[in-house]
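Each ligand, and each atom within it, is numbered from 1 in the order the structure gives.
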Amino acid sequence: MEIPPDTRLVALVGDPVAHSLSPRMHAAAFRARGLRWAYLALRVRSQDLQEAVAGLRALGFAGANVTIPHKVAVCELADHLDPSARRCGAANTLVFDPSGRVVAFNTDVAGFARALEEHGVAAGGLDAVVLGAGGAARAACAALGQAGARRVAVVARRPHAAEALCARMRPEFRRTAFHALPFDAGPLQTALREAELVVNATPVGMHPQEGESPVPDPEWLRAGQVVFDMVYNPPRTRLVRMAEEAGARVVGGLSMLVHQGAAAFELWTGVEAPVEAMKQAVGLLPAEV
Ligand code: NAP
């Protein structure tokens with residue numbers, strides 16, 4: 001494949017990245033808008049993150065997406081944090097501006113909110129459970145706080161990570177009661193029973209661990225609940241199938257993937273994102289023939 005010299009470059013930085021649909025989705029978006037841009041997936045280990053970000057800037061990349069497990073650590077490497085990233089303490093999008101500054105944004109927050117909206121879920125006043133306390137959980141909590149959720153229980157296997165996330169959110173979003181719970185059967189089951197919205201922000205169920213689910217039993221879910229699984233590879237995770245079995249409504253991770261990607265595309269290019277083409281590229285809409 002020829003990449004002409006005037007091609008603008010963006011990269012995905014994470015570990016792993018082999019599962020990612022972002023290269024396909026952004027390639028379709030650049031094509032749809034007639035832009036000579038390319039998107040590369042780069043596996044970067046944690047100990048190499050600082051050098052990788054400096055390298056991308058030195059090589060003249062326009063920007064980057066940042067994924068698991070670097071979303072929190074990358075904030076330390078940015079020259080400026082947009083409020084979307086500062087509020088969460090996590091970033092998924094970098095823009096290398098013309099003066100050479102690294103500006104960090106979090107488009108997962110808007111992507112999560114837009115996916116809920118697209119599925120007709122109004123998070124204002126809801127009781128929610130967020131599983132996980134990493135970068136994606138921070139984005140979900142910020143979006144739920146912004147929407148005015150009534151209560152958010154953050155369930156994590158490292159209790160201090162859940163508590164730290166809640167402590168960060170409380171002063172930002174005073175209408176929402178954030179509390180931390182351990183990832184143990186008893187508290188998890190009680191929290192799930194009460195929740196109107198359940199968000200999986202852990203990688204449990206992601207390829208190659210398709211057989212796993214963060215919720216061990218479909219009986220712990222119920223009809224009338226909304227179950228949002230951020231994992232999108234495979235699109236129908238074990239949790240999604242369990243939620244359907246329980247009669248819950250499902251929001252899959254692909255919708256968020258497209259909307260966080262659309263927001264990043266607009267930050268890099270300044271051009272309106274071709275959301276339909278991006279949905280087609282990830283299989284959310286049938287491809288045009
Ligand atoms: P992360 O920063 O590494 O955080 C992962 C969280 O999950 C941590 O709290 C981790 O706990 C927890 N966790 C991992 N394995 C677990 C297990 N077996 N049981 C219980 N908890 C476990 O990763 P992230 O960036 O937040 O991403 C999380 C997932 O969301 C990934 O699958 C990612 O692809 C997906 N995601 C999807 C979208 C989308 O657009 N659809 C956007 C963002 C993220 P420890 O700290 O104890 O390890």
Side-chain angles (χ1 to χ4, degrees), residues 12-22 25-26 41 44-46 49 65-75 84-85 88-93 105-116 118-119 129-143 154-166 180-185 187-188 199-216 227-240 250-265 278-279 282-284:
L12 171 66
V13 172
D15 184 16
V17 292
H19 69 285
S20 178
L21 292 178
S22 291
M25 178 174 78
H26 282 291
V44 174
R45 292 174 203 272
S46 295
L49 183 64
N65 274 146
V66 180
T67 190
I68 186 172
H70 305 317
K71 288 181 181 178
V72 174
V74 82
C75 291
S84 60
C88 308
N92 75 327
T93 301
F105 296 82
N106 193 314
T107 70
D108 281 337
V109 180
F112 179 85
R114 187 79 189 87
L116 280 181
E118 201 169 62
H119 286 77
V129 168
V130 174
L131 306 174
R138 289 172 184 228
C141 285
V154 178
V155 182
R157 58 186 179 179
R158 286 184 302 124
H160 68 276
E163 187 43 52
L165 199 171
C166 292
L181 291 175
F183 218 126
D184 296 333
L188 176 59
V199 180
N200 177 32
T202 77
V204 181
M206 186 166 97
H207 177 78
Q209 268 94 42
E210 284 101 336
E212 294 179 13
S213 164
V215 176
V227 175
F228 189 135
D229 195 348
M230 289 199 190
V231 175
Y232 64 78
N233 191 346
R236 291 191 75 246
T237 58
R238 186 158 147 69
L239 176 62
V240 162
V250 167
V251 182
L254 284 174
S255 176
M256 176 175 172
L257 176 75
V258 167
H259 291 297
Q260 63 75 30
F265 177 98
M278 295 168 86
K279 286 185 173 176
V282 302
L284 257 185

Worksheet item: To which of Gln209, His207, Lys71, Arg138 does the heavy atom nearest atom 43 (C) of ligand 1 belong?
Response: Lys71
Practice prompt. Pick one of side chain, backbone, both or neither for how Asp108 approaches ligand 1, counting any non-hydrogen atom pair under 4.0 Å.
Written response: side chain
Discussion item. Using a 3.5 Å distance criterion without hydrogens, assess whether the side chain of Tyr232 forms a donor-acceptor pair with backbone atoms of Leu21.
Written reply: yes
Worksheet item: Is there a donor-acceptor pair closer than 3.5 Å between any side-chain N or O of Asn233 and the backbone N or O of His19?
Response: yes
Worksheet item: Which of the atoms in ligand 1, numbered in the order shown and given with their element, are less than 4.0 Å from a heavy-atom of Gly253?
Response: 39 (C), 41 (N)
Discussion item. Can you report which non-hydrogen protein atom sits closest to atom 28 (C) of ligand 1, along with the distance?
Written reply: Ala201 O, 3.5 Å
Worksheet, complete the sentence: For atom 26 (O) of ligand 1, the closest protein heavy atom turns out to be Ala136 N, 2.7 Å
Worksheet item: Got a donor-acceptor contact below 3.5 angstrom from the Asn65 side chain to the Asn92 backbone?
Response: yes
Worksheet item: Looking at side-chain heavy atoms only, is the closest gap between Thr67 and Ser20 below 4.5 Å?
Response: no
Discussion item. Working to the nearest 0.5 angstrom, can you tell me the gap between Leu254 CG and Met278 CE?
Written reply: 12.0 Å
Item to complete: Enumerate the atoms of ligand 1 whose separation from the nearest heavy atom of Met206 is less than 4.0 angstrom.
Response: 32 (O), 34 (O)
Worksheet, complete the sentence: For Tyr232, the ligand 1 atoms with a heavy-atom partner under 4.0 Å come out as 41 (N)
Worksheet item: Cut-off 3.5 Å, side chains only: do His160 and Glu163 have a donor facing an acceptor?
Response: no
Worksheet item: At a non-hydrogen distance cut-off of under 4.0 Å, which region of Ala139 contacts ligand 1 (side chain, backbone, both, or neither)?
Response: neither
Practice prompt. Spell out, as yes or no, whether a donor-acceptor pair under 3.5 Å connects the side chain of His259 to the backbone of Glu118.
Written response: no
Discussion item. I need the atoms of ligand 1 closer than 4.0 Å to a non-hydrogen atom of Phe183, numbered in the order shown.
Written reply: 20 (C), 21 (N)
Discussion item. Tell me the contacting part of Arg157 for ligand 1: side chain, backbone, both, or neither, using a 4.0 Å heavy-atom threshold, strictly below.
Written reply: side chain
Worksheet item: At a 4.0 Å threshold, what atoms of ligand 1 neighbour a non-hydrogen atom of Leu257?
Response: 39 (C), 40 (O), 41 (N)
Response to the item:
Of Arg158, His259, His70, the residue with the heavy atom nearest atom 46 (O) of ligand 1 is Arg158
Worksheet item: Which atoms of ligand 1 are found less than 4.0 Å from any heavy atom of Ala133?
Response: 9 (O)
Discussion item. Counting non-hydrogen protein atoms only, what is the nearest one to atom 5 (C) of ligand 1? Give residue, atom name and distance.
Written reply: Pro203 CD, 3.9 Å
Item to complete: Check ligand 1 against Val204 and write out every atom of the ligand that is under 4.0 Å from a heavy-atom position of the residue.
Response: 16 (C), 17 (C), 18 (N), 19 (N)
Worksheet entry | Test item: protein heavy atom less than 4.0 Å from atom 37 (C) of ligand 1 | yes
